[in-house]
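Side chains included, hydrogens not; waters and symmetry mates left out as well; all remaining heavy atoms used. Values in this document were obtained by computation on a predicted structure and should not be read as measured data.
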Amino acid sequence: MSNMVEVAILGATGIVGQRFISILQNHPFFKIKELCASENKKGRRFLDSVDWLIEEELNDEIKEIKLKSINDKLESKIIFSALPKEISFEIEDELSKKGYYVFSNSSSHRYDKFVPILIPEVNLEHIESIKFQKRAGFIVTNPNCTTTGIAIPLKPIKEKLGIKRVLSVSMQAISGAGVSGLPSMKIINNIIPYIENEEEKIEIELRKILGKFTKDGFLSANFDVEARCNRVPIRDGHMIINFVETDKEVDVEKIKEILEDFKGEPQKLNLPTSPKKVLRIFDEQTRPQPILDSNIDKGMSISIGRIKKSSFFTFTFTSLVHNTIRGAAGGSVLNAEILYKLNYIKV
C-alpha cells in the first residue's frame, strides 16, 4: 500500500462522486485519501452523509472517512472533481494553480483555450495542451456524457472515411440529472424533449475533441453537427441515434469492421479502467439496450447496433454509453491513469 498514489474526490456525495468512489475504492494504484462535500457535512463520517445509490458496496475504510469541506487544504495531489458547474470553475482553477492535478467532470473548463476535453482512445495528443496552461498543476476535463457516446465511434469513422456532417438524437437517463435533479412527477411515464445546454455542449465538444491542438489553441474539426436531446425514464445509460455523412462511400460490413477493430493507447497499455474492447458491435436489431448493455466491461465500453445505410446520410447507427461511468467518473479515472502512466503526474 505504500506505493499507492493518494487522491481526493470533490463532490463525493453526489451521483458522480459516488461513481468515483466505486471505481477507485479498489483501484490498483490510486488510493482514496480525502472526500470533500459541502461545508455543512464537514467532519461527518462519509457513511452518515451519503444516500448511497451505486450497485457496488462501500468498503469499510471508505465508510469511516471524515468528510472535508471543498474549501479545505488537501494533502492529495490528484483531484477528481464532481462539483456542480456553479462552483467548480474557481475551485478547480485555484487548485490547479497551486500544483494539484485536477481531473474534472464539470463543464466549467471544457472550452478553455488550453484545457483538453480528453478521451484517451480518441485524442490523446491533446494532452500537449496542458504544457500551455501556465499552472503549477493542470486541469484535464472529460466530455459531456452524451458526447462520449458519439465521439468514440466517430473517431475511427473520421480517420478511415472522413466526416461531412452528423445528426445525433439522444435518449438520456435520469441519473444524468443528478441524485435530486429531476422530480419523479416530471419523468415517470414521460419523456422531456429538452435538456438545458445539452445540445450546445455536444455540438461544440465533438468538434473540439475530433479537431487538432496547436500552440495557439484548439482547431475544431471541420464538419457540421446537430444534436437533439431527450430525457427518458430509465436509470442509467444514454442511447444515441446517429446519422453520419462521410467523404467516402462504403458498405455496412466495412463500417462494422472499422468500428470493431478500433482500439487506442489505453488498450495497448492495459490500464486498470480500460475496456478490453472500446466498441461492442451488435448484429441483433433489438440491441443495444440500456438494461442489457450499459455495464459491459464495467460500464467502460460503448455498445453499437443498428448499423445500416441511410437515404439522407451515408449511414446510421445507434450507440449506448453508461452515462455516469464511461460518460463521467470512469472516463475521468481513465484520463488520470494514462497521464500517470505517461509521467505527466509527479507525486
Side-chain angles (χ1 to χ4, degrees), residues 5-21 23-24 30 32-39 41-42 67-120 123 126-145 147-148 176 178-179 181 197 200-201 204-205 208-209 213 217-218 324 327-340 344-347:
V5 180
E6 294 178 341
V7 304
I9 299 170
L10 308 183
T13 58
I15 192 68
V16 175
Q18 292 180 38
R19 282 292 183 196
F20 273 124
I21 292 168
I23 294 166
L24 290 166
F30 293 148
I32 299 172
K33 169 73 173 179
E34 296 155 300
L35 298 176
C36 304
S38 56
E39 191 71 37
K41 294 180 179 179
K42 180 178 177 178
L67 285 172
K68 289 189 172 183
S69 161
I70 55 176
N71 298 309
D72 286 346
K73 181 176 175 58
L74 300 173
E75 298 174 38
S76 310
K77 298 298 288 184
I78 296 177
I79 311 294
F80 292 102
S81 174
L83 294 175
K85 62 182 179 181
E86 293 79 15
I87 60 172
S88 59
F89 186 91
E90 290 186 8
I91 293 171
E92 293 173 0
D93 193 49
E94 285 301 311
L95 286 169
S96 64
K97 287 176 179 177
K98 291 176 181 177
Y100 293 94
Y101 305 111
V102 179
F103 293 90
S104 175
N105 187 67
S106 171
S107 63
S108 298
H109 287 280
R110 284 183 194 150
Y111 317 120
D112 290 7
K113 187 174 182 179
F114 294 117
V115 173
I117 307 175
L118 188 62
I119 304 174
N123 61 340
H126 286 192
I127 61 174
E128 288 300 303
S129 63
I130 66 177
K131 297 176 181 178
F132 295 81
Q133 290 185 16
K134 297 182 179 179
R135 294 174 162 102
F138 60 65
I139 300 173
V140 170
T141 67
N142 51 283
N144 169 278
C145 42
T147 304
T148 302
V179 173
N197 297 325
E200 294 85 354
K201 288 177 186 176
I204 294 168
E205 291 174 20
K208 180 174 179 177
I209 292 164
F213 175 73
F218 292 92
T324 62
S332 200
V333 172
L334 187 61
N335 287 344
E337 289 174 356
I338 200 158
L339 265 73
Y340 179 70
Y344 281 81
I345 295 172
K346 308 296 182 184
V347 291

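- For the pair Y340 and I345, the tightest heavy-atom approach, listed with the atom from each and the gap, is N-CD1, 3.8 Å.
- Here the side chains of L83 and S106 are not in contact, with every heavy-atom distance at 4.5 Å or above.
- Minimum heavy-atom separation, N197 to K85: ND2-NZ, 3.5 Å.
- Across all their heavy atoms, E34 and K73 have their closest contact at OE2-O, 4.2 Å.
- When side chains are defined from C-beta on, E94 does not count as touching Y100, because their heavy atoms never get closer than 4.5 Å.
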Exercise for the section: Begin from the C-alpha positions of F218 and H126 and carry the test side chain to side chain contact (heavy atoms under 4.5 Å, CB included) through to its verdict. Expected result: CA-CA 9 Å; F218 292 92; H126 286 192; 3.5 Å; yes

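- Aromatic ring centres of F103 and F138: separated by under 6.0 Å.
- Side-chain atoms of E39 do not come within 3.5 Å of backbone N or O of S69 as any donor-acceptor pair.
- Once rounded to the nearest 0.5 Å, the distance linking OG1 of T141 with CD of E205 reads 7.5 Å.
- A donor-acceptor pair is defined here as one N or O able to donate and one able to accept, closer than 3.5 Å; such a pair exists between the side chain of H109 and the backbone of F89.
- Counting heavy atoms from C-beta outward, V115 and S104 have side chains that stay 4.5 Å or more apart.
- Rounding to the nearest 0.5 Å places CD1 of I79 at 12.0 Å from CD1 of I70.
- Once rounded to the nearest 0.5 Å, the distance linking CD1 of I117 with OG of S107 reads 9.5 Å.
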Exercise for the section: Please report the C-alpha distance between L118 and L339 in whole Å, then the side-chain angles of each, then the deciding distance to 0.1 Å, and finally whether the side chain to side chain contact (heavy atoms under 4.5 Å, CB included) criterion is met. Expected result: CA-CA 11 Å; L118 188 62; L339 265 73; 3.8 Å; yes

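- Comment: K131 engages E128 in a salt bridge, judged by a side-chain N to carboxylate O separation of less than 4.0 angstrom.
- For the pair P116 and I130, the tightest heavy-atom approach, listed with the atom from each and the gap, is CD-CG2, 4.0 Å.
- In this structure, the side chains of P143 and I119 come closer than 4.5 Å at one or more pairs of heavy atoms.
- The backbone N or O of K346 lies less than 3.5 Å from a partner atom in the side chain of Y101, making a donor-acceptor pair.
- Side-chain contact between F213 and F132: present, with at least one pair of heavy atoms (C-beta onward) separated by less than 4.5 Å.
- In this structure, the separation between CD on E92 and CG on N105 is 9.5 Å, given to the nearest 0.5 Å.
- Across all non-hydrogen atoms, the minimal contact from K201 to R110 is CD-NH1, 4.2 Å.
- Across all non-hydrogen atoms, the minimal contact from G327 to N142 is O-ND2, 3.9 Å.
- Between atom CG of residue L24 and atom NZ of residue K33 there is a gap of 15.5 Å, rounded to the nearest 0.5 Å.
- At least one side-chain heavy atom of I9 sits under 4.5 Å from a side-chain heavy atom of I32.
- Rounding to the nearest 0.5 Å gives a distance of 11.0 Å between NZ of K97 and CD of Q133.
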